[in-house]
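Following: one structure in structure tokens, then a few remarks.
In what follows, chains carry the letters A, B, and so on, assigned in the order in which the sequence lines appear, proteins first and then strands, with residues in each chain numbered from 1.
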Protein chains: 2
Amino acid sequence: MEPRTTRATLQTVADEVGVSRTTVSNAYSRPDQLNSALRERILEAARRLGYPGPDAAARSLRRGRAGAIGLVFTETLSYAFADPYSVGFLRGVAEVAESSGTGLLLIPMPPGTDEAETAMRDAVVDGFCLYCMPVRHPAKKVIQARGLPVVTTDENDDPSIPHVGIDERASARLAAEHLTRLGHRRVAVMVDHVVEPGRAGRATVEEQRDSECAVLHGRLGGYREVLEEAGVDWANVPVVAAGRNSRPAAAAAAAHLLDVADRPTAVLATGDVLALGVLDACEQRGLVPGRDISVAGFDDVPEAARARLTTVRQPMGEKGRRAARLLLDPRDPGEAVPRVQLPTELVVRATTGPVPR
Amino acid sequence: MEPRTTRATLQTVADEVGVSRTTVSNAYSRPDQLNSALRERILEAARRLGYPGPDAAARSLRRGRAGAIGLVFTETLSYAFADPYSVGFLRGVAEVAESSGTGLLLIPMPPGTDEAETAMRDAVVDGFCLYCMPVRHPAKKVIQARGLPVVTTDENDDPSIPHVGIDERASARLAAEHLTRLGHRRVAVMVDHVVEPGRAGRATVEEQRDSECAVLHGRLGGYREVLEEAGVDWANVPVVAAGRNSRPAAAAAAAHLLDVADRPTAVLATGDVLALGVLDACEQRGLVPGRDISVAGFDDVPEAARARLTTVRQPMGEKGRRAARLLLDPRDPGEAVPRVQLPTELVVRATTGPVPR
DNA sequence: GATCAAGTCTGTATCGATACAGTAGAAAGC
DNA sequence: GCTTTCTACTGTATCGATACAGACTTGATC
């Protein structure tokens, strides 16, 4: 193309062809509004002048819609791609977004409060999907202030925001009951992190209480109920944090459980990635899951099936699809705020078995 | 908040506080430009009026930057999350984008040409990363016309566009040479798709030639060179398409290779997901990989290590990081167009072995 | 007391498009 | 022949902000 001092706009093209700016706009956005010969002439001139088509930001401003929905993660973006559970969820969101021609903006969450608020304000989107965002996160206020549609997944206690999730407590109970039914009483729990991300090791009951993560509360609560019903004192149940939600981190943290005098006979992990890490640790130590020790996970990610992991299945993809639909399908103002609760089920595979004698 | 007939803007807040619009803008965007007491008064008034902060689209228009980079996939978005190779790449891109406060817009690619062009024009981004986009894709023109920074990965023959990739041909040779060195001459190849996505089955030499996918050409070319050097007639090498890049599809298509009279002694797959599918098919038939049949993949996705798959490792995450940096780091206009070629290596594991006798 | 600098704030001109109402001219209706 | 309808196009107002240059205080300096 020939170099120009200034970028070509609708007006440039309009002047060249000798029509109005509006007509050029129509040539792109509403082809049926003008004669097709003229349209061709306009597009031809646009090509010649190097006009790139209507500017996206300007169009977005004038039209009042962005053509994208924003996904907000509390963890780092790259983490979102590391966990198969997130990936399954994202995939569900992507399916629905895609089928309506909507883009997906993955919004980074900077560490500082001001920066985070700016990031939420700068996102050119038509709605937000909050993924595992703690109830009291500072950026949440900004998001709500923007007045766009919002849905939350998993984490939520605000009844004014539509929500897609599962019954965390009841689902966790499924795994715990499976273990107590098999006779296990010396049970340990492996979690991602409790208070501060990155800190690994045993978490006290107080720390468990102080966690801001509703999912964690729900799952630990479910475990606790069942174990207490079976006569176990929760204060004696080791709750070990891996620090990060990764297989190696869980394998390392599993040392706190496996290399001690009275090793638990069973481990409940609040996620499959953690459970798989525990299995790795067992393998290193020559412990056969299902015989020497029982391990149960949560989520039923694809790898779980291959590892023959007993777990609680939750429909990750469906969660994403439902969340996306809640954002994209317009709702009547009078309608009740939707709260979707998806079903879960226990999937018994090979990593759990009776108490070894 | 009190209901308002019209949305609050900078002006609304400015009028309320009795300052100029510019000052309110500064209160958000350049806090150092005004007295902090005044800033507080302004933010307070904004809260009271329900002003959500500067409008993202308007800000984007005026500033001339979007704060996001666009990722363009040719396949469906949901597919991007299904393949661990893509996920690794995305993760790399996300790491870099995130560290510079940039969002990631995943752009859907609609089927029709016009719709696709519109989608590319409507994306509010500061640059595009084209992921596995065929050289001659119609939407590519629109993207280039926008005049924003662009990088391509894998697929590329346009020297004017920066590129990050690997030496496909040489890398494919590594796998093929490994097999011929082990003595294999009856070798088959498994690919994703050749001409038309979704069509599974054997592909003729003509169809191979007609494929628009440069990655496929490179890899098949590498295999072919090595096999011909070993005295094999390429026309007799079965090239089987799985139709889709998925483990079950590959397992199903493997029937064309495994359930025939003169079964190949080795299978080269152009991707690990396909190779893993072939392994699944072997397992179903009681064939032990590495003993009864050799299977080699490409990519070295995380699952490959667990399946003990021999494969060619390419640095997926690094590819994403480099691509993102090329987009985000400004370059001198005079500078040569960067072309990054990342190293690959053969990883020999358990699924390849000598020819069974 | 004039000059200068720093710190704050204002005003205007734009960024690049689309919405919407309006108009000219041709074709159709009676 | 006059109104109506339709097609094809135009013009103006507006979307909501930021860039940039300027102006007004205030205090310090010589």
Among D/dC15, D/dG16, D/dT18, the one nearest B/T9 by side-chain distance: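 Nearest to the side-chain atoms of B/T9, counting from C-beta on, is D/dG16.
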From C/dT18, C/dT10, C/dT12, nucleotide with atom closest to B/N26 side chain: C/dT10
Using whole Å, what does the distance between atom [atom2] of nucleotide [N] and atom [atom1] of [X] come to?
| X | N | atom1 | atom2 | result |
| --- | --- | --- | --- | --- |
| A/Y28 | C/dG16 | OH | C1' | 14 Å |
| A/N35 | D/dA8 | CG | C1' | 8 Å |
| B/Q33 | D/dG22 | CD | P | 17 Å |
| B/L34 | D/dT18 | CG | P | 12 Å |
| B/I42 | C/dT10 | CD1 | P | 8 Å |
| B/R59 | C/dA17 | CZ | C1' | 20 Å |
| B/D55 | C/dC15 | CG | C1' | 13 Å |
| A/R62 | D/dG16 | CZ | C1' | 11 Å |

Gap separating the CG atom of B/L104 from the CD atom of B/E98, nearest 0.5 angstrom: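 Reported to 0.5 Å precision, the distance equals 9.5 Å.
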Side-chain N or O of B/Y51 closer than 4.0 Å to phosphate OP1/OP2 of D/dA17: yes
Touch check for [X], heavy atoms < 4.0 angstrom, all strands: base, sugar-phosphate only, or nothing?
| X | answer |
| --- | --- |
| B/S29 | sugar-phosphate |
| A/L61 | base |
| B/L10 | base |
| A/T23 | base |
| A/R121 | nothing |
| B/R30 | sugar-phosphate |

For the student: nearest non-hydrogen atoms of B/M120 and B/V142, plus distance: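 Closest pair (atom of B/M120, atom of B/V142, distance): CB-CG1, 4.1 Å.
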base_contact_polar (D/dG11 base, A/T22 side chain, donor-acceptor, <3.5 Å):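 Per atom types, the contact qualifies.
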Check: B/F89 ring centre within less than 6.0 Å of B/Y131 ring centre: yes
Pair B/Y51 + B/Y28: ring centers closer than 6.0 Å: yes
Degree of bending in the helix from C/dG1-D/dC30 to C/dC30-D/dG1 once both end axes are built from five pairs, to 10°: 40°
Test side-chain contact (heavy atoms from CB on, under 4.5 Å) applied to B/V13 and B/L49, B/T23, B/V19, the passing residue: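 Only match with B/V13 under side-chain contact (heavy atoms from CB on, under 4.5 Å): B/L49.
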Pairwise side-chain contact, B/R91 with B/M316, heavy-atom cut-off 4.5 Å (strictly under):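 A side-chain contact under 4.5 Å is absent here.
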Whichever of B/G18 and B/R21 has its nearest DNA chain C nucleotide further upstream toward 5': B/G18
Using atom types as modelled, flag every donor-acceptor pair under 3.5 Å from a side chain in residues 53-64 of chain B to any protein atom, sequence neighbours excluded.
unit_1	atom_1	unit_2	atom_2	d
B/D55	OD2	B/A57	N	3.0
B/D55	OD2	B/A58	N	2.8
B/R59	NH1	A/D122	OD1	2.6
B/R59	NH2	B/S29	OG	2.6
B/S60	OG	B/R65	O	3.1

Residue pairs involving residues 316-328 of chain A (criterion side-chain hydrogen bond (donor to acceptor under 3.5 Å, both in side chains); sequence neighbours excluded):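 Found A/Y85-A/K319, A/E95-A/R321, A/D154-A/K319, A/Q314-A/K319, A/E318-A/R321, A/E318-A/R322.
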